[in-house]
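Computed from heavy atoms alone, side chains included, the values below leave out hydrogens, waters and symmetry copies.
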Amino acid sequence: MTATVTVTDNPLLIGKGLPPFDAIALLHVVPAVTQLLAELEAELAALEASVEPTWSGLVEPLQRLGERLNWTWSIVGHLMGVKNSPELRSAHETVQPEVVKFASKLSQSKPLYEGFKALRASENWDSLESAQQRIVEASLRDAQLSGVGLEGEQKERFNAIQLEMAEITTQFSNHVLDATKAFSITLTNKDEIDGLPPSLLSLAAQAARSAGAENAGAENGPWRITLDFPSYGPFMQHSTRRDLREKLYKALIGRASSGELNNWPLTDRILALRHEKSALLGFGSYAELSLASKMAPNVTAVEALLEELRLASYSAAVKDLEELKVFAASKGAPEAADLKHWDVGFWAERQREEKFAFSAEELRPYFALPQVLEGLFGLVKRLFGVTVTAADGQAPVWHKDVRYFKIDDEAGNAIANFYLDPYSRPEEKRGGAWMDECVVRAKFVEAGKTTTRLPVAYLVCNQSPPVDGKPSLMTFLEVETLFHEFGHGLQHMLTTVDYPGASGINNVEWDAVELPSQFMENWCYDRATLFGMAKHYQTGETLPEHYYQKLLAARHYMSGSAMLRQVHFSSVDIELHHRYRSGGSETVADVRNRIAKTTTVLPPLEEDAFLCAFGHIFAGGYAAGYYSYKWAEVLSADAFAAFEEAGLEDESAIASTGKLFRDTVLGLGGSLHPMEVFKTFRGREPSTKALLRHSGLVAA
C-alpha cells in the first residue's frame, strides 16, 4: 500500500514554530498552499466585514493572517534558494500565481485601508508607541503603492502586472542557476592546471568525482572547473593559462543570454512592466516608486552620492590599471600593454603577492570555519554581551551540513536562534550569500498570559566546502562575507521590538538595511578579533604578526577599482529604472555601455551580458536600490568610526559603545526612522568622511 498525504497532516500547515524540514516533502507544497489560501480568503472576508479601527481590532488580526501565509510560503521560498529542483520549481510555479493574487487582494483591500486611515485619524493615535505608529503609516503607504486607489481597468492591469512580474522574476533566477550549472571545463593535462593552488585542485577533483570521474584526485586529475565562485574566483586569480581564463570569463559574462535560458527579453520586459506599474500609481519612473519607501529622499540625492563616490574613485581606478600594466610588463607579459578583463584578476593577485609578500591562498589554513565561528562569536560577546553556542540536533535541517545555534543574553536567557548553511552546492543552491527571516520576534497575550516569540534567522553562504578530510578553509573574502551576513542576522535576532511589523529588519528602509552587515565586516581587520580566530587548522599556531600587517597594508589595494565597480552597478540600476524606456532608441545593453564610459576603466566586451545574470535588480529586492550598498556603507563606516574614536584597545569603551549600538541600531529595528536611529547612536547625522578614509581614497 502506498501512503497518501491527507491535507490534515500536512507539515506545511502547522503555521508556527520552526519549519519541520525533516517532514516536508515536495508533494506537500501544492495541497498546503491551496488549502491555506482558501482558509485565508474566508478570514480576510470576515475581517473586512467588521473592521474595527483599533490596534487590537485591525492590526493584530491582520498580522496573524499575514503571518500564517508567510510561514508556509517563506519555507517554500527558502527551499527554492537552498534545495532547488525541477519538482520544487513545478510546485512553486503551480501555486505562485494564487499567492500573488491573494497578496494583491490583501494589499488592495479598501475596507482595511479605510480602517488604517480611521486609526491614523482617531484619538487613540497619540497613545500608540512609535513602532505601532510606524507600522500603521507603512501599511497606509504600502497599500497606496500596491494599488489600493486604482479602480476598474487600471486595477485589473496592475494586478496582471504583479502576476507576470512574479512569474518572470522567478524564471530569471532559475535561468541564472541553470546556466551557471550547465557550464564546466574538465582539465586533464598538467599544463592546464599550471599556477592553480592545491586547495582549488582538491575542490576541482572533488567536482570531477561528483560528475562521475571515479578516480579523480588532486594530484592527477581530472579537474572540473565551474562558474561557482569557490571554483571560478581562484581559477581566474591563479591560472597561468590565459586562453582558459578567457574561456571561463566569457562563459561567466555570457550566462543566461542565449538559447532556452536567454534572459535578455526578460530584462526588457521586467523594466517595461515596472515602468507601467509606476505610471499607474502616478510616479514618473520606477526609481521614484522605489524611493518612496526608502531613506534616500529622491533620485537626485542618490545620483549626487554616486557622483561624489565616482569622482573619489575614478582616477584611483585608472591609476590601478596603469600600475598593473607596468607590473605585467616588468614580468615580460606579452599582454601587458593591452590587459583584458580576464587578465586583471590574475595580474592583480601577482602584484599583490609581490607588493605585500603574501597570497590570498597562504592565509586559508588560518581560517578554518570552526575557528572563524569561534572568533565571530567571541566578537559579538565582546561587543554586545551575548553568548552563541551550538544547538545542533535541536532543529530539523534541510541538508546534513546545516548547523543550528542559540544566542543567550548576559543573564543566560535565550534570546534567538539561527541556522547556518555555509557551503556552496551549485547543483541545488543559488549563488551568493544572504540572511533571511525564519521566525520574527513578537509578543503575544493569550488567555491573559504574555509570551515572547524568539527570532530565528537563516544565514546562507556559498564558501569553499570541506575537501579531502580538511575543514572548510576560507579565503579572507569568505570570512568577510560570513561577518557581513551575521550582521544582518544580529539586527534580526537582537531586536527589542515586540511588534513583528517593525521587529528586526522589518520596516527598516531598504537603503539602511546594510548598515549592521557592512559594520561587521570592519571587525575582520580588528587586531583582537583577527587574532582571536586566525589559527592554523593543523598546528593551532596563531596567524604570524607579519601577515596581519600585510593584510592591513593590502586593505586599500585597488580600492578605487572596487568602489568604482559598485558605483557602476548602482548607476546602471538607477538609469534603467529612471530614464530607460523599452522600445526606445537604446537597448538595455546600450544603456549599460553608455554608463560604462564614465564608470569603468576597462569597458565591457561587446558580448558582455552581465545584466542577464544581475539577479539583485531583476529577481531580488534591489531594483532601483543597488545604491543601498553605498548609501548604507556611509552609515556603517561612520558607525564603526565611533568605536575607533572610543579606542579599539579599550575594552570598557568598546563594551559601552557596543551596548549603545545594540540598543539603537540593532535593537530598534523599524520602530523609528533610520536617520533617528543613527542620530541616537552617533549624536549627529552621518558623514562620508569615514567611508573615504576606510577606502584609502582620502587622507585621514
Side-chain angles (χ1 to χ4, degrees), residues 13 15-16 33-74 98-159 162-163 277 280-282 289 292-293 440-448 450-451 453 497-503 506-507 669-671:
L13 285 172
K16 61 180 181 187
V33 176
T34 308
Q35 180 181 333
L36 179 65
L37 289 175
E39 290 171 10
L40 296 180
E41 288 273 0
E43 263 181 53
L44 176 59
L47 185 58
E48 286 181 328
S50 57
V51 170
E52 183 196 314
T54 61
W55 184 263
S56 58
L58 173 61
V59 187
E60 286 180 354
L62 192 55
Q63 174 193 304
R64 285 194 292 272
L65 188 154
E67 289 210 325
R68 281 188 65 196
L69 174 62
N70 200 34
W71 190 87
T72 301
W73 189 236
S74 68
E98 298 313 310
V99 175
V100 174
K101 281 179 196 161
F102 179 75
S104 290
K105 191 172 183 175
L106 186 61
S107 57
Q108 292 171 350
S109 164
K110 285 269 170 57
L112 299 184
Y113 179 63
E114 293 303 328
F116 277 113
K117 284 208 306 202
L119 174 54
R120 175 75 183 80
S122 72
E123 53 206 30
N124 299 331
W125 178 249
D126 292 335
S127 67
L128 295 181
E129 295 170 32
S130 73
Q132 293 173 298
Q133 292 187 348
R134 284 250 308 166
I135 289 168
V136 172
E137 282 167 344
S139 302
L140 284 166
R141 180 198 68 213
D142 293 346
Q144 288 154 3
L145 299 183
S146 300
V148 72
L150 301 177
E151 300 288 351
E153 278 178 25
Q154 284 193 319
K155 184 176 178 177
E156 275 175 40
R157 181 62 198 137
F158 184 91
N159 291 343
Q162 296 290 79
L163 266 177
K277 171 182 166 173
L280 284 169
L281 295 174
L289 164 59
S293 54
V440 178
R441 178 185 163 102
K443 198 168 263 187
F444 298 104
V445 180
E446 284 173 305
T450 304
T451 53
R453 181 180 69 192
V497 179
D498 292 327
Y499 305 104
S503 173
N506 285 297
N507 211 23
S671 66

Acceptor/donor pairs from residues 138-148 side chains to any protein atom, 3.5 angstrom cut, sequence neighbours excluded:
unit_1 : atom_1 : unit_2 : atom_2 : d
S139   : OG     : I135   : O      : 2.8
Q144   : NE2    : Y113   : OH     : 2.8
S146   : OG     : D142   : O      : 2.6

How long is the span from the [atom1] atom in [X] to the [atom2] atom in [Y], to the nearest 0.5 Å?
| X | Y | atom1 | atom2 | value |
| --- | --- | --- | --- | --- |
| K105 | L40 | NZ | CG | 11.0 Å |
| F102 | E41 | CZ | CD | 5.5 Å |
| E98 | L36 | CD | CG | 12.5 Å |
| S122 | L128 | OG | CG | 7.0 Å |
| L112 | L44 | CG | CG | 6.0 Å |

Search all heavy atoms of [X] against all heavy atoms of [Y] and return the closest pair with its distance.
| X | Y | answer |
| --- | --- | --- |
| P53 | A118 | CB-CB, 3.6 Å |
| V33 | V99 | CG1-CG2, 3.6 Å |
| V51 | G115 | CG1-CA, 3.8 Å |
| V497 | A131 | CG1-CB, 4.2 Å |

Would you say [X] and [Y] make side-chain contact, with heavy atoms under 4.5 Å?
| X | Y | answer |
| --- | --- | --- |
| Q132 | V59 | no |
| L281 | F158 | yes |
| L65 | L69 | no |
| V136 | L58 | no |
| R453 | E67 | yes |

With sequence neighbours excluded, what pairs up with [X] under the salt bridge (charged side-chain N to carboxylate O under 4.0 Å, His left out) test?
| X | result |
| --- | --- |
| K155 | none |
| E114 | K117 |
| R68 | E39, E43 |

Applying side-chain hydrogen bond (donor to acceptor under 3.5 Å, both in side chains), name anything that partners [X], two or more places apart in sequence or on another chain.
| X | answer |
| --- | --- |
| E151 | K110 |
| Q133 | none |
| D498 | R441, K443 |
| Q154 | none |

Salt bridge (Lys or Arg N to Asp or Glu O under 4.0 Å) contacts touching residues 120-133 (sequence neighbours left out)
R120-E137

Taking salt bridge (Lys or Arg N to Asp or Glu O under 4.0 Å) as the cut-off, I'd like each qualifying pair that reaches into residues 54-66, sequence neighbours left out, listed once.
none

How would you list all residue pairs meeting ring-ring contact (aromatic ring centres under 6.0 Å, His included) that involve residues 37-70, not counting sequence neighbours?
W55-Y499

Got a sec, which residues hit ring-ring contact (aromatic ring centres under 6.0 Å, His included) with F116, two or more places apart in sequence or on another chain?
none

